[in-house]
Amino acid sequence: MAEEMVRFGIFGAGSIAIHRHVPEIASHPCAEVVAIYDPIKERADWLAERCGATVVKTEKALLAIDEIDAIVVATPNKHHARLTIAALK
(Lines give C-alpha, C1' and ligand atoms only; values in the text may rest on other atoms or scores of the structure.)
Protein backbone atom coordinates (compact mmCIF):
# COMPACT_ATOMS: atom_id res chain seq x y z
CA MET A 1 0.00 0.00 0.00
CA ALA A 2 1.51 3.30 -1.09
CA GLU A 3 1.54 6.15 1.37
CA GLU A 4 -0.14 9.38 0.37
CA MET A 5 1.87 12.57 0.10
CA VAL A 6 1.25 15.15 2.85
CA ARG A 7 1.50 18.69 1.49
CA PHE A 8 2.48 21.48 3.85
CA GLY A 9 1.93 25.21 3.85
CA ILE A 10 4.28 27.23 6.04
CA PHE A 11 3.68 30.51 7.82
CA GLY A 12 7.08 32.08 8.41
CA ALA A 13 10.42 31.76 6.62
CA GLY A 14 12.75 32.60 9.47
CA SER A 15 15.34 30.62 11.34
CA ILE A 16 13.08 27.91 12.78
CA ALA A 17 11.56 27.18 9.38
CA ILE A 18 14.95 27.21 7.67
CA HIS A 19 16.82 25.06 10.18
CA ARG A 20 14.09 22.82 11.57
CA HIS A 21 10.70 22.56 9.88
CA VAL A 22 11.61 22.56 6.18
CA PRO A 23 14.54 20.11 6.54
CA GLU A 24 12.36 17.73 8.58
CA ILE A 25 9.56 17.85 6.01
CA ALA A 26 12.02 17.46 3.12
CA SER A 27 13.60 14.41 4.75
CA HIS A 28 10.35 12.46 4.68
CA PRO A 29 9.57 10.68 1.39
CA CYS A 30 5.82 11.32 1.72
CA ALA A 31 5.93 15.02 2.62
CA GLU A 32 6.54 18.22 0.72
CA VAL A 33 6.30 21.97 1.24
CA VAL A 34 4.01 23.46 -1.40
CA ALA A 35 3.61 27.07 -0.25
CA ILE A 36 5.24 29.61 2.04
CA TYR A 37 4.08 32.95 3.37
CA ASP A 38 6.29 35.45 5.17
CA PRO A 39 5.69 39.21 5.44
CA ILE A 40 9.30 39.67 4.35
CA LYS A 41 8.99 38.46 0.78
CA GLU A 42 12.74 38.06 0.26
CA ARG A 43 12.89 35.50 3.07
CA ALA A 44 9.97 33.56 1.63
CA ASP A 45 11.56 33.67 -1.84
CA TRP A 46 14.90 32.39 -0.50
CA LEU A 47 13.34 29.47 1.37
CA ALA A 48 10.90 28.57 -1.41
CA GLU A 49 13.72 28.41 -3.93
CA ARG A 50 15.50 25.86 -1.76
CA CYS A 51 12.54 23.57 -1.23
CA GLY A 52 10.61 23.99 -4.48
CA ALA A 53 7.61 25.73 -2.92
CA THR A 54 5.48 28.58 -4.15
CA VAL A 55 5.49 31.94 -2.37
CA VAL A 56 2.11 33.47 -1.64
CA LYS A 57 1.46 37.14 -0.94
CA THR A 58 -0.95 36.88 1.99
CA GLU A 59 -1.89 34.63 4.90
CA LYS A 60 -5.32 34.15 3.36
CA ALA A 61 -3.77 33.06 0.07
CA LEU A 62 -1.87 30.29 1.86
CA LEU A 63 -5.02 29.08 3.59
CA ALA A 64 -6.94 29.11 0.30
CA ILE A 65 -4.72 26.50 -1.37
CA ASP A 66 -6.83 23.36 -1.57
CA GLU A 67 -3.92 20.95 -1.99
CA ILE A 68 -2.45 21.83 1.44
CA ASP A 69 -3.04 19.09 4.02
CA ALA A 70 -1.19 20.59 6.99
CA ILE A 71 0.03 23.99 8.18
CA VAL A 72 3.26 24.79 9.99
CA VAL A 73 3.19 27.96 12.07
CA ALA A 74 6.86 28.97 12.18
CA THR A 75 6.36 32.53 13.33
CA PRO A 76 7.01 34.51 16.50
CA ASN A 77 4.86 33.18 19.36
CA LYS A 78 2.55 36.18 19.39
CA HIS A 79 1.12 35.06 16.02
CA HIS A 80 0.62 31.36 16.82
CA ALA A 81 -2.94 31.48 18.17
CA ARG A 82 -4.33 33.72 15.41
CA LEU A 83 -2.76 31.70 12.60
CA THR A 84 -3.64 28.35 14.11
CA ILE A 85 -7.27 29.36 14.58
CA ALA A 86 -7.42 30.65 11.01
CA ALA A 87 -5.96 27.36 9.72
CA LEU A 88 -8.50 25.31 11.66
CA LYS A 89 -11.48 27.13 10.14
>> Measuring from atom CD1 of Ile10 to atom CD1 of Ile18, what distance do you get when rounded to the nearest 0.5 angstrom?
In response: 10.5 Å
>> Using the rule that Ile, Leu, Val, Met, Phe, Trp and Tyr join whenever any side-chain heavy atoms are under 4.5 Å apart, tell me whether Val6 and Val34 fall into a single cluster.
In response: no
> Are Leu47 and Ile25 co-members of a hydrophobic cluster defined by side-chain heavy atoms under 4.5 Å apart?
Replying inline: yes
Can you give the donor-acceptor pairs under 3.5 Å from side chains of residues 48-55 to other protein atoms, not counting sequence neighbours?
{"from": "Arg50", "atom 1": "NH1", "to": "Trp46", "atom 2": "O", "distance (Å)": "2.9"}

Taking all non-hydrogen atoms of both residues into account, name the closest pair between [X] and [Y] and its distance.
X: Ala35; Y: Val56; answer: CB-CG1, 4.4 Å
X: Met5; Y: Pro29; answer: CE-O, 3.7 Å
X: Pro23; Y: Ala17; answer: CD-O, 3.7 Å
X: Asp38; Y: Gly14; answer: OD2-N, 4.1 Å

> Looking only at atom types and distance, does a side-chain atom of Ser27 sit under 3.5 Å from a main-chain N or O of Glu24, one as donor and one as acceptor?
Replying inline: yes
Under 3.5 Å, side-chain donor or acceptor atoms of residues 59-73 against the rest of the protein: list the pairs with distances, not counting sequence neighbours.
{"from": "Glu59", "atom 1": "OE1", "to": "Arg82", "atom 2": "NH1", "distance (Å)": "2.7"}
{"from": "Glu59", "atom 1": "OE2", "to": "Arg82", "atom 2": "NH1", "distance (Å)": "3.4"}
{"from": "Glu59", "atom 1": "OE2", "to": "Arg82", "atom 2": "NH2", "distance (Å)": "3.3"}
{"from": "Asp69", "atom 1": "OD2", "to": "Arg7", "atom 2": "N", "distance (Å)": "2.9"}

